[in-house]
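Report on the following structure.
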Amino acid sequence: MISYNVFFTPKPGVEDQRAIDAAHAFLKQLQSEKRLNGYRIMRVTNPASFQGLPRFQAIIDYASQRELDEALAYMRQPRKKEEGGHGELMEIVGDFRVSFTADV
């Protein structure tokens, strides 16, 4: 399993639930289009020694590196990042960081 990990915090003035709902809507859409295997969104309840960690984490799972590469290529298409659910997220999310992981 390959995972795309997205850490995010809503922009000032944006309710946490609005960002959570927007993330769920966007990821459910991609899942219904078979562009990801599964996902989960978590609230960071204790950043411990990572005090700069954004408040939420979305883990988006892919069966293979090829599927992740295809999903990223899809999102790089002209205007995909600015339109629809992804565009809404980009407008309401401030702190945004990503990482990639693989099951071992």
Side-chain angles (χ1 to χ4, degrees):
M1 184 75 58
I2 305 293
S3 298
Y4 177 50
N5 305 280
V6 181
F7 297 87
F8 63 96
T9 299
K11 287 181 179 176
V14 175
E15 301 262 339
D16 285 355
Q17 195 59 51
R18 179 176 173 208
I20 293 165
D21 291 346
H24 274 296
F26 174 59
L27 293 171
K28 282 179 184 175
Q29 174 193 344
L30 291 178
Q31 191 171 30
S32 74
E33 295 172 357
K34 308 284 189 230
R35 298 203 182 275
L36 58 91
N37 280 11
Y39 77 91
R40 52 211 175 279
I41 299 174
M42 297 173 283
R43 182 184 309 269
V44 176
T45 59
N46 183 348
S49 63
F50 298 102
Q51 293 302 310
L53 195 62
R55 285 201 307 264
F56 298 97
Q57 179 182 11
I59 301 174
I60 302 122
D61 294 321
Y62 298 89
S64 67
Q65 184 65 48
R66 180 186 57 77
E67 287 183 11
L68 171 61
D69 293 343
E70 288 173 358
L72 293 175
Y74 172 77
M75 288 307 300
R76 286 188 195 109
Q77 292 180 50
R79 306 214 27 93
K80 279 288 181 202
K81 288 190 271 186
E82 296 84 17
E83 294 176 343
H86 193 272
E88 179 184 356
L89 278 172
M90 294 299 94
E91 287 185 25
I92 64 175
V93 168
D95 193 8
F96 178 85
R97 300 171 195 228
V98 301
S99 68
F100 300 88
T101 55
D103 287 357
V104 293

With rounding to the nearest 0.5 Å, note down the distance linking OH in Tyr39 to CG in Leu30. 10.0 Å
Show me the pairs that pass ring pair (Phe, Tyr, Trp, His ring centres under 6.0 Å) and involve residues 64-85, at least two apart or across chains. none
Check: Ile41 and Leu27 side chains under 4.5 Å, non-hydrogen atoms: yes
For Glu33, which residues count as a salt bridge (charged side-chain N to carboxylate O under 4.0 Å, His left out) partner, sequence neighbours excluded? Arg35
Side chain to side chain contact (heavy atoms under 4.5 Å, CB included) partners for Ala63, two or more places apart: Asn37, Glu67
Going by the rule side chain to side chain donor-acceptor pair (under 3.5 Å), which residues pair with Ser99 if we only count those two or more places apart in sequence or in a different chain? Asn5
Separation between CD of Gln77 and CE of Met75, rounded to the nearest 0.5 Å: 9.0 Å
Could you tell me which residues satisfy side chain to side chain donor-acceptor pair (under 3.5 Å) with Ser3, sequence neighbours excluded, listed by chain and number? Asp61
For Tyr62, the ring pair (Phe, Tyr, Trp, His ring centres under 6.0 Å) test, sequence neighbours excluded, returns none
Tell me every residue that passes side chain to side chain donor-acceptor pair (under 3.5 Å) with Glu70, counting only those two or more places apart in sequence or in another chain. Arg66
Please write out which residues are connected to Met42 in a hydrophobic cluster, directly or through intermediates, given that two of Ile, Leu, Val, Met, Phe, Trp, Tyr count as joined at side-chain heavy-atom separations below 4.5 angstrom. Ile59
Apply side chain to side chain contact (heavy atoms under 4.5 Å, CB included) to residues Tyr4 and Val98 and explain how you reach the verdict. CA-CA 7 Å; Tyr4 177 50; Val98 301; 3.4 Å; yes
Show every salt bridge (charged side-chain N to carboxylate O under 4.0 Å, His left out) that has at least one partner inside residues 17-30, sequence neighbours left out. none
If you draw a 6.0 Å radius around CD in Gln17, do more than 12 non-hydrogen atoms from other residues or ligands fall strictly inside? yes
State, to 0.1 Å, how close Ile20 and Arg43 come at their nearest heavy-atom pair, and which atoms those are. CD1-NH2, 3.7 Å
Taking transitive links into account, so neighbours of neighbours count too, which hydrophobic residues share a cluster with Leu53 at under 4.5 Å side-chain distance? Phe7, Val44, Phe50
List, one per line, each side-chain donor-acceptor pair under 3.5 Å for residues 84-97, sequence neighbours excluded.
from	atom 1	to	atom 2	distance (Å)
His86	ND1	Lys81	O	2.8
Asp95	OD1	Arg97	NE	3.1

Side chain to side chain donor-acceptor pair (under 3.5 Å) against Arg55, all qualifying residues, sequence neighbours excluded: Asp16
